[in-house]
Novice: 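Below is one structure. I have some questions about it.
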There are 2 protein chains.
Amino acid sequence: MATGRTHRPATRSRGIPEATVARLPLYLRALTALSERSVPTVSSEELAAAAGVNSAKLRKDFSYLGSYGTRGVGYDVEYLVYQISRELGLTQDWPVVIVGIGNLGAALANYGGFASRGFRVAALIDADPAMAGKPVAGIPVQHTDELESIITDNGVSIGVIATPAGAAQQVCDRLVAAGVTSILNFAPTVLSVPEGVDVRKVDLSIELQILAFHEQRKAGEEAAAGTATAPAATARKDSATDQGPDGDVPAVMPA
Amino acid sequence: MATGRTHRPATRSRGIPEATVARLPLYLRALTALSERSVPTVSSEELAAAAGVNSAKLRKDFSYLGSYGTRGVGYDVEYLVYQISRELGLTQDWPVVIVGIGNLGAALANYGGFASRGFRVAALIDADPAMAGKPVAGIPVQHTDELESIITDNGVSIGVIATPAGAAQQVCDRLVAAGVTSILNFAPTVLSVPEGVDVRKVDLSIELQILAFHEQRKAGEEAAAGTATAPAATARKDSATDQGPDGDVPAVMPA
DNA sequence: CAATCTTTGTGCACGCGTTCACAAAGACAT
DNA sequence: ATGTCTTTGTGAACGCGTGCACAAAGATTG
């Protein structure tokens, strides 16, 4: 994936492994879809397939949260939605600021996924004075000068950086100094932050490079093997059970 | 991080661990910066600091590529840039198509990081007939009907999906059927693909939820500990050596 | 109430990734 | 040429995450 997960040395927060935390949003999404279809209960097998993971892994993940299932039946969808939401802290309101309203920043401001789960775009901030006052996604852009007061006045603890690489560290420092303790970084730079501040990064270029590596390897194997093994590649992988997150993970990883 | 890395069961491709592959782009970026400043050589310690990783990890990563360093001196910057680029397959041209030219798709099309490293936006594709012909980032948008011929004619093997979640699987199937074997997915859905196709996903919402989890935990600890431990949080973590990728994958992780 | 069947929760083993710590290698000075 | 100093490359130990396989728990049926 394109996102990288980045945080400290994986201090197992309250007994819940980092890898499990990274999968909870995946389960939550699948459960929400079931909930909208008014499905009352779901087995670990079904839910695992919907989330694209192994069923044993899913059960172990849920075991860290508690015993929320019923043997012989499965999990109560609504109850599980609530428990995971609570565990992830989505039952409360999280005001978020986006800094750097270029193409990407504007896209993020318009992204519906933000508002859907307790996240509220409290403000859009840009260094360009010409942008000030112009509404993006219905929210007027404010100048960087206001950054500190915006953070303080709205009690913002999560900041999104979508500036050019050169400005990212400076913006990061100001966000942290103003009280932000979690940062989602889209700028292609390594951010240096004080102890206690979480940084996760999303780097599109890195994701593409990783794909290119595998693509190159595939091309090399193909050439080496000739046409002999080509037909074997037609076998369909219908089981989506071996797809990773990394959150993969992914395109997002710990900074 | 916001990206997740998702691919098959980590079949150690040609002896290079998946975790190492995910870090190579990070090293490459740091090395490129050094190269532009005409720095001739760099030690594992310095480069590790620039890339935000542990120096032992960096040396082990490089050892998988070969012995490119000189003991007592360090690594030759230019040589290492070339070796990593070659390993990642960036010495060749990778035509890429972006499907779904909404806010995010347009932002991706304008993203400079794509063109910088061997990636070339071969086409922009959207299902909206009204978009057809309109230029985005200097490239005219083409209708979905043309998808198959575009893939074939340009020899595209990497596709980027930036459509709404509902259309993602269908688009994915068509891309794969047309010959695409690597997909970067920005739609919040689990994609099902045949064996041999790599999928990496970038999910902004998931990254935010992971941050919220840690944020909530921090708030809980703070409340529990009272003001006693508050001053300790002012200790600066200048060493960026313990920042993870994966990252965190990254926000990007294996699908 | 007993038997059967389904599905959870988890003990255990395995493998990957990280980190330490040091020997080997080479540069450099004398 | 010898010795010293720096830095790489890696062997080995450790810890986390994954997946298997099964016992325990509860539903359901007769």
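All chains are named by letter (A, B, ...) in the order of the sequence lines, taking the proteins before the strands, and each is independently numbered beginning at 1.
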Novice: Students often get this wrong, so: under 4.0 angstrom with heavy atoms, is B:F62 touching a base, only sugar-phosphate, or nothing?
Specialist: nothing
Novice: Can you list everything that forms a side-chain hydrogen bond (donor to acceptor under 3.5 Å, both in side chains) with B:T70? Sequence neighbours excluded, please.
Specialist: none
Novice: Is there a side-chain contact (heavy atoms from CB on, under 4.5 Å) between A:L90 and B:Q209 once you walk through the steps?
Specialist: CA-CA 7 Å; A:L90 304 181; B:Q209 290 175 51; 3.6 Å; yes
Novice: Looking only at the side chains, is there a donor atom on one of B:R86 and B:T91 sitting less than 3.5 Å from an acceptor on the other?
Specialist: no
Novice: Would the base of C:dG17 count as contacting B:K57 through its side chain, where contact means a donor and an acceptor less than 3.5 Å apart?
Specialist: no
Novice: Just the rounded figure in Å: distance from C1' of D:dT6 to OH of B:Y75.
Specialist: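 Between C1' of D:dT6 and OH of B:Y75: 13 Å.
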Novice: Send over the distance from B:L47 CG to D:dT8 P, rounded to a whole Å.
Specialist: 10 Å
Novice: Under 4.0 Å between a side-chain N or O of A:R23 and OP1 or OP2 of D:dT18?
Specialist: yes
Novice: Checking A:S192 against A:Q169: is there a side-chain donor and acceptor pair closer than 3.5 Å?
Specialist: no
Novice: How close or far is atom P of C:dT10 from atom CG of A:D61, stated in whole angstroms?
Specialist: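 Taking atom P of C:dT10 as the reference, CG of A:D61 is at 13 Å.
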Novice: If we count only N and O atoms by modelled type, under 3.5 Å, do the side chains of A:R117 and A:T32 hold a donor and an acceptor together?
Specialist: yes
Novice: Separation of A:Y64 atom OH from C:dT10 atom C1', in whole Å?
Specialist: 10 Å
Novice: Output yes when at least one side-chain N/O atom of B:Y68 is less than 4.0 Å from OP1 or OP2 of D:dT7, else no.
Specialist: no
Novice: Let's test your reading of the model: under 3.5 Å, does the base of C:dT19 pair with the side chain of B:K60 as donor and acceptor?
Specialist: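 Indeed there is one.
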Novice: Measure from CG on A:N54 to C1' on C:dG9 and round the result to the nearest Å.
Specialist: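 Spelled out: CG on A:N54 to C1' on C:dG9 is 14 Å.
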Novice: How many Å lie between CG on B:L58 and C1' on C:dC20, as a whole number?
Specialist: 16 Å
Novice: Could you list all N or O pairs between the protein and nucleotides 25-30 of chain C that sit under 3.5 Å apart?
Specialist:
from	atom 1	to	atom 2	distance (Å)
C:dA25	O4'	B:R71	NE	3.4

Novice: Would you kindly say whether A:E78 and A:Y82 are connected by a side-chain donor-acceptor distance under 3.5 Å?
Specialist: no
Novice: Taking the side chain as C-beta and beyond, is there a heavy-atom pair between B:D198 and A:E215 under 4.5 Å?
Specialist: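 B:D198 does not reach A:E215 side chain to side chain.
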Novice: Output yes when at least one side-chain N/O atom of B:S44 is less than 4.0 Å from OP1 or OP2 of D:dT8, else no.
Specialist: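 Result: yes.
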Novice: Between atom CZ in A:R59 and atom P in D:dG19, what is the gap in whole Å?
Specialist: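 Those two atoms, CZ and P, are 12 Å apart.
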Novice: Return the value, rounded to whole Å, for the distance between atom CD of A:E45 and atom P of C:dG9.
Specialist: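 For the pair A:E45 CD and C:dG9 P, the rounded distance is 14 Å.
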